[in-house]
Structure formats: structure tokens, C-alpha cells
Chemist: 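Quick one: structure below, then a few questions.
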Amino acid sequence: MPELPEVEVICQGLLIHLLDRTITSVHCSGKQLRATVPCKEMQTKLSGKRICDLSRRAKYLILTTECGAAIIFHLGMTGNMGIFDVKSTIKKHDHVRWTLDNNTELRFNDPRRFGAVHFISTENAAEEIHHFFANTGPEPFSRTCSVAYLTKRAAPRKIAIKKFIMDNHVIAGIGNIYANETLFRAGIHPERPSCSLSKAEWKLLLSTIRKTLKHAIACGGSTISDFRGASGDGGYFQMNFRIYGKAGQNCLNCGGVIKKINIGGRSSFFCPTCQPEKV
DNA sequence: CAAGTTACCTGACGGC
DNA sequence: TGCCGTCAGGTAACTT
């Protein structure tokens with residue numbers, strides 16, 4: 001599930017359960033994720049350490065501890081994290097477990113194993129984290145992510161606008177679903193060349209991105225309030241899809257038929273009337 | 001340098 | 001029932 005809103009909701013949900021808890025041990029399934037999980041190193045360096053913070057950057061979660069060490073999580077396509085009782089049954093794809101000092105565990109579950117668990121143990125963790133995100137685009141809600149910035153980045157690019165806003169080096173956190181949803185809401189055809197958008201269109205698109213992501217966070221947050229033992233996959237945001245997965249259905253704006261095309265290997269949905277090819 | 005392709009994995013689903 | 005192809009929310013390393 002994890003695009004920016006889902007990762008943000010998971011972050012907020014987990015924070016309450018993790019803050020000021022002490023990690024007592026770390027266990028791994030031994031399966032390879034996107035990168036090898038440094039299980040032994042985490043076990044050695046995190047045991048007995050208190051958790052100071054959990055935050056989000058792009059689609060990543062960052063957990064920091066009192067000793068300065070940090071874990072950077074990425075949920076890939078199918079990853080999920082939750083807090084469980086230590087005695088509860090370990091599920092098939094629970095690949096990493098961080099046992100806490102109150103008989104609960106943080107569990108990282110990921111069937112498809114496109115996710116990743118990076119460990120930063122140096123004293124200069126802050127600097128390394130900064131380095132880790134050096135090539136990541138600005139957060140959509142930040143001042144840096146302005147119309148001027150996006151226009152400038154888009155100027156030399158002819159790729160489809162949908163691919164462009166999904167590029168996390170340009171802007172962080174937008175995946176296939178929210179790319180589809182925001183372009184529909186802004187009335188912009190997903191195959192428009194990035195460089196062809198006017199300043200007014202960029203202004204509309206950016207505000208639509210912000211509004212849509214914010215709304216999705218609010219919806220997710222309202223339903224997934226307790227992560228303890230929960231699967232965490234019951235987000236309310238799905239109710240708000242207007243275009244994603246709706247090929248052949250009628251557009252909510254104009255009643256026309258929603259089309260599905262392939263852009264860069266990803267399913268793309270649009271309304272030919274509300275999102276015209278040329279302006 | 002931009003843009004396109006491929007690889008990494010499992011599971012769910014539809015057709016036969 | 002099962003076998004097969006297709007598809008799935010992401011990212012980075014390739015090639016062109």
C-alpha cells in the first residue's frame with residue numbers, strides 16, 4: 001500500500017507504540033530483502049537501546065535510537081509494519097522482528113520482498129541519513145517543492161507527466177495510485193510531455209497533489225488508529241479513488257468512459273474528456 | 001544527459 | 001482441481 005500517505009499513517013500509528021521503548025533483541029527470517037538485512041549488527045548494537053523517534057521521508061521510515069544508530073525502512077510494494085504481542089503467531093512473511101521491553105514486537109512483513117531494512121550505526125548517523133536522501137526530491141508539502149522548482153526540473157524533460165511526478169528524485173512520495181488520482185483531479189492527461197505544462201497547470205497540479213495527499217493521510221489516519229495486532233491494510237482512502245482501477249466505468253465528472261493505458265509499464269487511468277490530450 | 005528496459009519476489013485471479 | 005499467464009501500490013541498475 002505504501003505511497004506517501006500510507007507510510008505517513010503507518011509512521012504516526014507506530015510512533016505511539018515505539019517512542020521511549022527499549023529494544024531487547026532482533027530476529028530475522030534470514031530471507032533476503034531488496035538488500036541484505038544486517039541482522040547480527042542490529043542485534044549487537046541495538047539491544048538495550050531506547051527508541052527516540054520515528055519519522056518519514058519520501059516513502060521511507062526512519063527510526064532513531066539514543067545511541068545515535070538509525071534504521072531506515074522501505075516497504076516496497078507489499079511491505080507492512082505493525083506492533084504485536086511477542087506471543088502472537090509469527091506470520092509467513094514476517095522477515096524482521098524487533099522485540100521491545102514491554103512484551104511487544106515491531107514486525108516487518110513483506111511477501112514480495114521488494115522492501116528494505118537499512119541500518120546506520122555510525123556516530124554520525126544524521127549525516128549518513130542526509131547522504132542517504134541526497135538524491136531524493138523534496139517533500140510535496142515543503143517550500144522547496146514550489147511551482148518554480150517543478151517547472152525548472154520539467155523544462156528539459158519530454159517524458160509523460162505521470163512518469164515525471166512518480167520520479168522520487170523530482171518529488172518525493174507519489175506512486176502509481178496518487179499519480180493517477182492527482183492528474184485526474186487536476187484535469188491533466190497523463191501522457192502530456194512534462195515540459196508542456198504551463199505555469200498555471202503546474203500551480204494547479206501541485207496544489208492538487210498536496211490536497212489529495214493530505215486528504216488521504218486524514219482518511220488513513222482516521223481508520224487505522226491501533227496497529228497492535230492489526231494488519232494495517234484497511235485504509236479508508238480506497239473509498240476515495242476516482243480514477244484508479246476504474247477502467248470502463250463512468251467518470252464522476254462527465255459520465256464518459258474511463259480509459260486504461262500503459263505508461264512506462266504501469267497501469268494508467270484517465271478520462272479522455274476531463275483530461276484532454278492538448279490544451 | 002534523458003529515456004527506455006529489466007530485474008528483484010510472491011500471491012491473487014481468470015481462463016482453460 | 002490444477003496449471004498457466006497476467007498483474008500488482010517500488011526502486012535501482014542497466015542499456016540505448
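Just so it is clear: chains get the letters A, B, ... in the order the sequence lines come, proteins before strands, and each one is counted from 1.
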Chemist: Compare every heavy atom of A:L75 with every heavy atom of A:P2, then report the nearest pair and how far apart it is.
Modeler: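 Scanning both residues completely, I find the closest heavy atoms to be CG-CB, 3.6 Å.
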Chemist: A:F241 near the nucleic acid: base, sugar-phosphate alone, or nothing, with a heavy-atom cut-off under 4.0 Å?
Modeler: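 It contacts nothing in the nucleic acid.
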Chemist: Once you round it to whole Å, what is the distance between P of B:dC9 and CD of A:Q32?
Modeler: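 In whole Å, B:dC9 P and A:Q32 CD are 7 Å from each other.
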Chemist: Both distances below 3.5 Å, Watson-Crick or wobble geometry, any strand: find the nucleotide opposite C:dT11.
Modeler: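 B:dA7 - that is the nucleotide pairing with C:dT11, both distances being under 3.5 Å.
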Chemist: Counting heavy atoms from C-beta on, name the nucleotide in B:dG4, C:dT11, C:dG9 closest to the side chain of A:Y244.
Modeler: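 Closest of the options to the side chain of A:Y244: C:dG9.
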Chemist: Of all the choices, C:dG10, B:dA3, C:dA8, which nucleotide is nearest to the side chain of A:E3 once you look at every atom?
Modeler: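 Nearest nucleotide to the side chain: C:dG10.
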Chemist: Give a yes or no on whether a donor-acceptor pair under 3.5 Å exists between the nucleobase atoms of B:dC9, that is its base, and the side chain of A:R112.
Modeler: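 Counting by modelled atom types and ignoring angles, a donor-acceptor contact under 3.5 Å is found here.
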Chemist: Verify the distance criterion only: is there a donor paired with an acceptor across the side chains of A:N176 and A:K162 at less than 3.5 Å?
Modeler: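 Indeed, the side chains of A:N176 and A:K162 share at least one donor-acceptor pair under 3.5 Å.
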Chemist: Can you check the A:M77 CE to C:dT6 C1' distance for me, whole Å?
Modeler: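 Rounded to the whole Å, the gap is 13 Å.
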Chemist: With the six-membered base ring of B:dC8 as reference, does the ring of A:F114 sit under 5.5 Å away with planes under 30° apart?
Modeler: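 Stacking is present between B:dC8 and A:F114, given that their ring centres fall under 5.5 Å apart and the planes under 30°.
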Chemist: Whole angstroms only, please: what is the CD1-P distance between A:I174 and C:dG10?
Modeler: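 Going from A:I174 (CD1) to C:dG10 (P), I get 11 Å.
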Chemist: Check whether any side-chain N or O of A:K59 sits under 4.0 Å from OP1 or OP2 of C:dT11, and answer yes or no.
Modeler: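 For C:dT11, OP1 or OP2 has a side-chain N or O of A:K59 closer than 4.0 Å.
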Chemist: What's the NZ-P distance between A:K163 and C:dG10, to the nearest Å?
Modeler: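 Answer to the nearest Å: 13 Å.
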Chemist: Which nucleotide in the list C:dG9, C:dA8, B:dT10 gets nearest to the side chain of A:N176?
Modeler: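 Closest nucleotide among those given: C:dG9.
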Chemist: Could you check how far CG of A:N80 sits from P of B:dC9, rounded to whole Å?
Modeler: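 Going from A:N80 (CG) to B:dC9 (P), I get 21 Å.
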Chemist: Whether A:H74 contacts C:dT11 is assessed here as follows: a side-chain N or O lying under 4.0 Å from the phosphate OP1 or OP2. Is that the case?
Modeler: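 Result: yes.
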Chemist: At under 4.0 Å between heavy atoms, what does A:K92 touch on the DNA or RNA strands: base, sugar-phosphate, or nothing?
Modeler: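 Answer is sugar-phosphate: A:K92 comes under 4.0 Å of backbone atoms only.
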Chemist: Distance-only, no hydrogens or angles: does the A:E3 side chain make a donor-acceptor pair with backbone N or O of A:Y178 under 3.5 Å?
Modeler: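 Yes; judged by distance alone, with no hydrogens or angles, the pair exists.
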Chemist: Would you call A:E139-A:R57 a salt bridge at under 4.0 Å N-O?
Modeler: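 Yes, this pair counts.
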Chemist: Let me know the distance between CD1 of A:I159 and P of B:dT5, rounded to the nearest Å.
Modeler: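 For the pair A:I159 CD1 and B:dT5 P, the rounded distance is 13 Å.
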Chemist: Whole angstrom is fine here: how far is it from CZ in A:R266 over to C1' in C:dC7?
Modeler: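 Rounded to whole Å, this separation is 11 Å.
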Chemist: Determine the Euclidean distance between corresponding P atoms of B:dC9 and C:dC3; express it in Å to zero decimal places.
Modeler: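 One P to the other, the span is 23 Å.
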Chemist: Could you state the NE2-C1' distance from A:H118 to C:dA12, rounded to the nearest angstrom?
Modeler: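 About 11 Å, once rounded to whole Å.
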Chemist: So which nucleotide does C:dT16 pair with, by the Watson-Crick or G-U wobble rule with both distances under 3.5 Å?
Modeler: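 Across all strands, the one nucleotide that pairs with C:dT16 is B:dA2.
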Chemist: At under 4.0 Å, does any side-chain N or O of A:H93 touch on OP1 or OP2 of B:dG11?
Modeler: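 So the side-chain polar atoms of A:H93 do come within 4.0 Å of the phosphate oxygens OP1 or OP2 of B:dG11, strictly under.
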Chemist: Under the criterion side chain to side chain contact (heavy atoms under 4.5 Å, CB included), which of A:H189, A:E191, A:E277 is the partner of A:F270?
Modeler: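 The passing option is A:H189.
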Chemist: Test for a donor-acceptor pair under 3.5 Å between the base of C:dT11 and the side chain of A:R34, counting only N and O atoms.
Modeler: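 Indeed there is one.
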Chemist: Please pick, from C:dT11, C:dA8, C:dA12, the nucleotide with the shortest atom-to-atom distance to any side-chain atom of A:N168.
Modeler: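 So the nucleotide nearest the side chain must be C:dT11.
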Chemist: Do the side-chain N and O atoms of A:T212 and A:R242 include a donor-acceptor pair separated by under 3.5 angstrom?
Modeler: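 No, because no side-chain N or O of A:T212 sits under 3.5 Å from a partner of the opposite role on A:R242.
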Chemist: From C-beta outward on A:R113, which listed nucleotide comes closest to its side chain: B:dT10, B:dA3, C:dC7?
Modeler: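 Side chain of A:R113 sits closest to B:dT10.
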Chemist: Taking only N and O in the side chain of A:R157, is any of them less than 4.0 Å away from OP1 or OP2 of B:dC1?
Modeler: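 So the side chain of A:R157 is outside the cut-off, no N or O lying under 4.0 Å from OP1 or OP2 of B:dC1.
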